[in-house]
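As structure tokens, the structure follows; a few thoughts come after it.
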Amino acid sequence: MQSNYIIAQVIVDQNSHQTDRIFDYIIPAHLQQDICKGMRVVVPFGKGNKRLEAYILNIDKKKIDGSRYKEIIEAIDYEAILSEEQIKMILWMKNKYLCKYIEAIHCLIPTGIVQKERKMINLIDQNWRTRIAPSQNKQRAILEVLEAQGGGTQPLENLEKEVNFKEIYSTIKNLAAEKIIEIQYDLSSRIKVKTEEYAELKVSHEAVEGVLLQLKGAKKQAEILNFLKDMGRYQTTAMLKELKTTRGPLKAVVEKGFVELMEEEIHRDPFANSEVTSFPKLNPTPEQQQVIDEISFALQENKPETYLIHGITGSGKTEIYLRLIEEVISQGKQGIVLVPEISLTPQTVERFRGRFGEGIALLHSSLSEGERYDEWRRISEGKVNIVIGARSAVFAPLKNLGIIIIDEEHEYTYKSEQNPKYHAAEIAAYRSTHEGAVVILGSATPSLESYYKTEVGTVHLMTLKKRPQQSKLPKVEVVDMKRELEEGNQGILSRRLMTLVNENLKNKKQTILFLNRRGFSTFVSCKGCGHVVKCQHCDISMTLHMPQNHLKCHYCGERQFSPSVCPECGSETIKFMGAGTQRLEKMIEELFPTAKIGRMDVDSTSQKGSHAKILGSFRRGEIDILIGTQMISKGLDFPNVTLVGIISVDATLNLPDFRGAEKTFQLITQVAGRAGRGMEEGLVILQTLDPNHYSIRTASRHDYGDFYKEEIMIRREFEYPPFTNLISINFSGKKENEVAAYAEKMANMIKYVLQGKGCIKINDVLLGPNESVISRINQRYRFQIILKDQHTDFSLLKGIAKYFFIQHREKYVPKSIAVSIDTNPYNMM
DNA sequence: AGCACGCCGACT
DNA sequence: GTCGGCGTGCTC
């Protein structure tokens, strides 16, 4: 029976491939007033009519057979939370990134506003014992649990935990049919404050010895007490992992009263308690003023232009951003400022807060769901004019967007590693053209892609060549470590660097030492048989971590005690090779016993507030030498730092990735830029095994132009981005042979299609399949195919990937294999 | 995802 | 015979 209905076309909030399509629901007459396009609604879904949240993408009148459709249950919102423009963007994203609808939607709307269905069970017939046959064991068990818990309404999960069988679902349903129990649905908000559990020692340090004697043989309990004595308050799960134990021993020491556990709200917000210091307005230099004027003009004209501000480190890009934001606000518009990672760029964020105070929303990774939602609401209700945040802030729902600023544009953190694998600059460009906003890309070392765009004219280039306040760029000295070795120095510090560090200590100046490897040694190998200790889940060599004497896998986090004999041949010639920040720290301690040393890497900053703590004491001069990884390369501005030592960049340089040289150049420039920020000229010592490499030579001269010329030539030669677009298709699975065979099969199928489309030089277009650079992660073997759009059309390649792995996934992708597609990947590994 | 259906082996 | 385990398929 066909008749006319009002139909809502919705996307259900269920992240799976099978449900990644539009579903039609009838809007019942009584809801037609309340429901419009862009709203969220509750719909019954699937056989069990599970209640799901759904997003309405379209509303239509249709002639359909009403009996084959379900009705919308209720509206969640009072008005649309997705604008017409945003719905278009979701469709665009799905096609561009080959992601699911719901994944695109969740970029725009924070999750977890309404709880997914929760079944609540209510016992209504107290006299059930007379009605249930004695043989119905399951039914009885469930009812007994309900009764034991004092009647009332119980969530289904509680019952599942209490009874010792699965499949309680049908039993529940039967009981409900008998009207002995009642099933209710709870859709209440589940926004909770995120908490973490901490353990704290309850006895004094002196008393610990006595307590340990009292514990006698309880080894694990003693370990816990010692650990807490050394480390202070500690997050329990992290501690238990560290000590390789479980809750048992912990519970024992808690019951004996030696340790206390406490729940604490996760609130790593680095700005929650910091007072806002107003930052003096600097007078722009003529160079800066010119940039400000030109961009202000575009802002007034509402032109969707993109500017690349290429300014050497310390050239005052932040001041330009501040002025442009002022301009935008004075026009009644709003702005987004993206930074690579909020906790690593506190100084930039503070300057914005100092200038604009309360009208700012901060979006960062450690907000709880609730806090994120609150900020999101504030933004969408127009209560803020400026949003500062990392990558995802580019989606901030500002209604009158005037400008999007992407600071440190070249940073890899702007590319999402999860679906949808977008780059913040791509989203910014899209919003720019659709909302009439100006995009500003800022960097001392622009990405090749962006700089190339200024050459072909789609992006305007603005160059800042001077540092204001007379400070000069630091001098960079390259030290050839091969020669150092030939001359008998086997250490990781060159003689030159040692001398300079010593001098700096005498002169009460501060030093930064940069090493891109954390841990103690970078790999463990046996001199006898050459065996290298690798993680048992991943194809990654394990890194030694002290003082726990653990080997750690930096990919999956697996730990084991470091072996004293070779696990392969049993000889005792096991060696710890390569140096990480921990070993560097130890060496520096030995070389300069009077120096105060700080270390900053993922391991030393895992506890909350430790970032700010280390940087604070460095600023106050309580640390002479700061050792760190990538983390110290960004945005730090300490005037008393005159020496920067770059221990090695060879690992980055030799990355199996066409961006290796670019990443190296960026790294050197960013790290070197930490020196000589004050009045005195800075000096950078750059140690390398390959001093003649062009990215080392050009970086040491601060010559981006020459680096660019050299690198762009190579990219053109080998047809790499920006001259081509890449799609990387990654396959993974538990069985190596199966994944390899599947990758081979799919490569052949793609080749066949390419051939059919008249594609020439197919072996240049499809690379692989190859084992991924990291061939195994978490017990899954990985293979890769790369598609490159030379001699062919990018949309054809995307179309092929979409056909096999998205649209006809069921047919072409077996359940045992996971496929992940990345268009224009940043990381080739 | 998560539920229902359906097929097959173990047990009253 | 029947219960319950898991493989397969569908969700407006």
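Protein chains get the first letters and strands the later ones, always in sequence-line order, with residue 1 at the start of each. These figures come from a predicted structure and were not determined experimentally.
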Requested in this report: Report the residue (A:Ile22 or A:Lys815) whose heavy-atom-nearest nucleotide on DNA chain C is the more 5′ of the two.
Outcome: A:Lys815
Requested in this report: Send over the distance from A:Glu810 CD to C:dC10 C1', rounded to a whole Å.
Outcome: 10 Å
Requested in this report: Measure the distance from CD1 on A:Ile72 to P on C:dT11 and round it to the nearest whole Å.
Outcome: 18 Å
Query raised in the report: For A:Lys100, which of A:Asn419, A:Asn15, A:Thr19 qualifies under side chain to side chain donor-acceptor pair (under 3.5 Å)?
Result: A:Asn15
Requested in this report: Could you tell me whether A:Arg378 and A:Glu375 have a side-chain N and a carboxylate O separated by less than 4.0 Å?
Outcome: yes
Query raised in the report: Can you tell me how far C1' of B:dA1 sits from CG of A:Asn49, to the nearest Å?
Result: 15 Å
Query raised in the report: Rounding to a whole Å, what distance do you find between A:Arg21:CZ and C:dC12:P?
Result: 9 Å
**Report entry** Closest nucleotide among C:dC12, B:dG2, B:dA1 to the A:Ser16 side chain
**Finding:** B:dA1
Requested in this report: Choose from C:dT11, C:dC12, B:dA4 the nucleotide whose nearest atom is closest to any side-chain atom of A:Gln18.
Outcome: C:dT11
Report summary line: To the nearest angstrom, the NZ-C1' distance between A:Lys63 and C:dC12 comes to 20 Å
Report task. Answer yes if the ring centres of A:Tyr430 and A:His434 are under 6.0 angstrom apart, and no otherwise. Result -> yes
Query raised in the report: Contact class for A:Tyr25 (heavy atom, under 4.0 Å): base, sugar-phosphate, or nothing?
Result: sugar-phosphate
**Report entry** Residue A:Lys47, side-chain heavy atoms: nucleotide from C:dC12, C:dG9, B:dA1 that is nearest
**Finding:** C:dG9
**Report entry** Gap between atoms CG and P, on A:Asp20 and C:dC10 respectively (whole Å)
**Finding:** 17 Å
Query raised in the report: To the nearest angstrom, how far is A:Ile11 atom CD1 from C:dT11 atom P?
Result: 15 Å
**Report entry** Atom-to-atom span, CD of A:Gln14 to P of B:dG2 - whole angstrom
**Finding:** 7 Å
Query raised in the report: Salt bridge check: are A:Glu84 and A:Lys37 linked by an N-O gap of less than 4.0 Å?
Result: yes
